Number of protein chains: 2
Amino acid sequence: MTSKPQQASIELGLHASIVSVHQNEPYVVCVSSPKSTSRHSADSLPFGLFTPLAHRTLEIGLRSWVKEQTGLDLGYVEQLYTFGDRGRHAQAGDRDPHMVSIGYLALTHHSEPSQQQVKQRRWYDFFPWEDWRNGPPAIIGKVIEPLLQEWSRRPEEGQTRKRPLGKQERIRFCFGVKGDNWDEEKVLDRYELLYEAGLVAEAAIDGRQAAELWINSPELGRSMSHDHRRILATAMSRMRGKLKYRPLVFELLPSFFTLYELQKTVEAISGSPLHKQNFRRLVEGGGLVEATGEMKKSTGGRPAKLFKFRHVALVERPSPGLRVGASKG
Amino acid sequence: MTSKPQQASIELGLHASIVSVHQNEPYVVCVSSPKSTSRHSADSLPFGLFTPLAHRTLEIGLRSWVKEQTGLDLGYVEQLYTFGDRGRHAQAGDRDPHMVSIGYLALTHHSEPSQQQVKQRRWYDFFPWEDWRNGPPAIIGKVIEPLLQEWSRRPEEGQTRKRPLGKQERIRFCFGVKGDNWDEEKVLDRYELLYEAGLVAEAAIDGRQAAELWINSPELGRSMSHDHRRILATAMSRMRGKLKYRPLVFELLPSFFTLYELQKTVEAISGSPLHKQNFRRLVEGGGLVEATGEMKKSTGGRPAKLFKFRHVALVERPSPGLRVGASKG
DNA sequence: CAATTTATGCTCATCATGAGTATAACTAAT
DNA sequence: ATTAGTTATACTCATGATGAGCATAAATTG
């Protein structure tokens, strides 16, 4: 093992995607950076450097930064991914070329932030094409598809690394064909495709000629500083996938809830409508919840039974989640 | 954002779990550390520090280290997890308290290493309780279960962080009940439980009183240096999970293969036997493979059709994997 | 040729899933 | 009080996927 002399010091950033659901809408906690270089003040994820002297583990470091910046005490926390490439998703204003970022997903109950610069933002503001709860989003057919087609016709630029799929196939892989074959879990793939095609604002800052490409393109979704939107996309992908084999949702709900609230929360995360009766059958049959005996009156209709999460479901079933399949609602 | 003054420099380690399958056995590439402190020379995963000046991305850094240490040119590479806790899984001989490790999974075809200290090791040597291809491993009932029961009766030591499950429930969560409810994907959970119970050799080095606990326990599986066995467990968990919704297996197979070879490779990874006819139905019906027209004669019986992976399957199906269910074989 | 081994085709019962019908129990407006 | 609107909940039904097993084909080994 020849150890290289260049021991360039590295800084490890810890980033939190703090997700909650309020009135059927998923939110993520953002911090506005007032000292933003240009445009409107950009949203950032709560963020801080890992200092091993102060924090025994990465997760402790993350919790402490979040507490300091937002006042929130996190419950469920899960590591997502470590981003280290400087080639892309790096901004001109980035402090240090030796920054590596670890993204985290945190799930909480919704709360209005007390601090000035802390905001709850709807996550579909950042990814409008991901919300299929009311059918295929118009933006896909009207804006995204045509621009991606245009991009796919442009000659390959730069290093053509041996990708298994060509441009056309990647578009179909990510967005399906004519609203068919949509895979809700591919949030990150879609964002990275849009980035590569120069269709999101963040790509315009990137070193490549993306700026020119983007000049005539709409800004697809609200942008974030640095690579934070990519981290958020990773969080969404993870949540949508894990939802199906782990009881994640219950971290977002109060301890007592109706089946309809549970369904609407799942729909909010997965971004697709569900068949009510089948959802009920799935959940009740799956042993994930149990009736509390209490009722909720203020449903707007017939009162609903209140349920609670059965923690023992974890040991009973191999993968206790809500294996839901999208439907016509 | 109050930036703390303690800018303790961090070193980022890149670790590769390089997996291949040879004659129905999964292997992982190990490097023997001759300067190991004690016992037999410990196995390590190929490993190196990330130096941003030398490598543009983390993955490039990893590939370069692996090439240098083992001579291998990696194909498929996937990031697993970033380990940063010093409290556990840290060894006395660890160079630097400020080391953070990123684990990677790499899939290759099998090859015998040319270098002296590079070895191909069967991964079930490290995790003998994970191989259920010939029924429930005897070691579970005879050794693991009794020792875990003993551990569960000992009073909780140290900080009792609000775990959702008690010791008994965790044992059932990880190992099921009487060979039932076994979830092949929980490789990491099981290793971490055994670690916590002081039943793996690595735990004996840990600061806690694990050394005493382990003194009368068998060494469960071959051990590795530092936290490398934990990284390998993460790799196995990831592979067993991802197998079901992504065409991973084909990275381990030659371009032409028989359905039986495909099945045996899947079994090698998942560690459970499969029903031959149903597997065939699943694979052929799923559109993941296509016949090449050629035949393999040296099967030991009737010649078998040779198939190849259909790359386009990626765009056709939402999650193109081998959604196999364990069976009686 | 008989025994063995692997490949491959097909059946069948059961269960999970998607979709829809029907009814119940509440609120709000006429 | 009656009607419309809204949500809750029970059931049915067709279809498809899944687990298990039977049967046959085509090679190898003695």
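Any value given below was found using the heavy atoms of this structure, including those in side chains, with hydrogens, waters and symmetry copies removed. All figures in this text were calculated on a predicted structure; none of them were measured in a lab. In what follows, chains carry the letters A, B, and so on, assigned in the order in which the sequence lines appear, proteins first and then strands, with residues in each chain numbered from 1.
- Closest to the side chain of B:T258, out of C:dA7, D:dG19, C:dA25, is C:dA7.
- Applying the 3.5 Å distance criterion, the base of D:dT9 shares no donor-acceptor pair with the side chain of A:E284.
- Of the candidates C:dG20, C:dG9, C:dC26, C:dG20 carries the atom nearest the A:Q277 side chain, counting heavy atoms from C-beta on.
- In the model, B:Q168 has a side-chain atom that pairs as donor or acceptor with a side-chain atom of B:S152 under 3.5 Å.
- Both B:N278 and B:G300 lie close to DNA chain D; mapped to their nearest nucleotides by heavy-atom distance, the more 5′-ward contact belongs to B:N278.
- Between A:R302 atom CZ and C:dA25 atom P the separation is 5 Å, expressed in whole Å.
- For A:R317, the CZ atom sits in a packed shell: over 12 heavy atoms of surrounding residues, nucleotides or ligands are nearer than 6.0 Å.
- When rounded to the nearest whole Å, the span between CG of A:L306 and P of C:dC26 equals 14 Å.
- Nearest-nucleotide mapping onto DNA chain C: of A:G301 and B:R280, the residue sitting toward the 5' end is B:R280.
- As judged by a 4.0 angstrom heavy-atom cut-off over every strand, B:L282 is placed among residues touching the sugar-phosphate backbone only.
- For B:K276, whose side chain is taken as the heavy atoms from C-beta onward, the closest listed nucleotide among C:dG9, C:dA7, C:dG20 is C:dA7.
- Ranking D:dA27, C:dG20, C:dA25 by closeness to the B:K297 side chain, first place goes to D:dA27.
- For A:A304, counting side-chain heavy atoms from C-beta on, the closest listed nucleotide (C:dG9, D:dA8, C:dA25) is D:dA8.
- Protein atom NZ of B:K296 is 18 Å distant from nucleotide atom P of C:dT5, rounded to whole Å.
- Using a 3.5 Å distance cut-off with no hydrogens or angles, the side chains of B:E145 and B:Q149 do not pair a donor with an acceptor.
- For the pair A:L274 CG and D:dT7 P, the interatomic distance rounds to 16 Å; values are reported in whole Å.
- Between A:Y260 and A:F279, a ring centre-to-centre spacing not shorter than 6.0 Å is recorded.
- Positionally, the nearest nucleotide of DNA chain D for A:M295 lies more toward the 5' end than for the other of A:M295 and A:R281.
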